Amino acid sequence: MDKNKRRAVIAGNWKMNKTPAEAAALMDALLPAVAGAGCDVVVCPPFVALPAVLDKARGSAIAVGAQNVHFEKSGAYTGEIAADMLAELGVRYAIVGHSERRQYFGETDETVNKRARAAVDAGLCAIICVGENLAQREQGVTEDLIRLQTRVALGGFTAEDLKKVIIAYEPVWAIGTGRTATAAQAEEVCAAIRMLLAELYGQKVADGVSIQYGGSMNAENAAELLAQPNVDGGLIGGASLKPADFGAIVKAAGV
Ligand code: PGA
């Protein structure tokens, strides 16, 4: 399928940065930087900054996402946030299974599946992150691992559910390190993910799913990465906090 039929999605993952007031100020700078975007633009601030960011984003081309979401609707889960709580605020996306959640907070493929399910059931779009670490890449198991992570994350998902799913391929060794995957490496894995989706759901459904690359994507390398046939967007950490850089990435995705 012509990749241009899949609208690119550039999502900024602000991680644990920006107080509500700082987040509002960042939005003031981001809004003009991404004006006229030819792709979907999403920002994912910390939970407590969501109201301030939603307020700024209203009526603009920027959609708002959360960085995580719990799998139960309510209950004794201290410190967690349910999907309905996010949806009621006007949040439209939720990142699920980011490698930092997997590494520091014990997130597993099974909990990623449950969280993604809850997000989609609440009408949110789940940005499901998968990725290998350096040892796994050096052992040559990247493709097997990504297939397994993706397969488990999508357990029980129908073709209809996939309309609310984005897969983000984020090699762990590239996140926050300044060491980006080459365009060929990113394309190879994103193509493998699409092939798996085609095996599971058929080529037509697979062709409709957006697959992002993430890991030190920046204003300089974005155009080459986004030009790859199976790279449909980016999940951006560090550069999403810099309005000019984020704006340049958004422009690179819109051409
Ligand atoms: P980075 O982070 O762009 O700072 O490498 C990407 C991510 O963690 O999503």
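The model shown is predicted, which means the values in this text are computed figures rather than measured ones. Remember, it's 1-based here, ligands and their atoms both numbered in the order they're listed.
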Task: Glu224, CD: over 12 other non-hydrogen atoms inside 6.0 angstrom - done: no
Open item on the list: Any salt bridge linking Glu80 with Arg115? Criterion: basic side-chain nitrogen under 4.0 Å from a carboxylate oxygen.
Closed with: yes
- [ ] Run the salt-bridge test on Arg92 and Asp40 with the 4.0 Å N-O cut-off and return the result as yes or no.
- [x] no
Task: Separation between CD of Glu187 and OG1 of Thr182, rounded to the nearest 0.5 Å - done: 10.5 Å
Open item on the list: As a test of reading the model: which residues have a non-hydrogen atom less than 4.0 Å away from ligand 1?
Closed with: Asn13, Lys15, His98, Glu170, Ala174, Ile175, Gly176, Gly215, Ser216, Leu235, Ile236, Gly237, Gly238
Task: Pairwise distance CD(Gln136) to CH2(Trp173) - rounded to 0.5 angstrom - done: 12.5 Å
Task: N-O pairing of Arg117 and Asp161 below 4.0 Å - done: yes
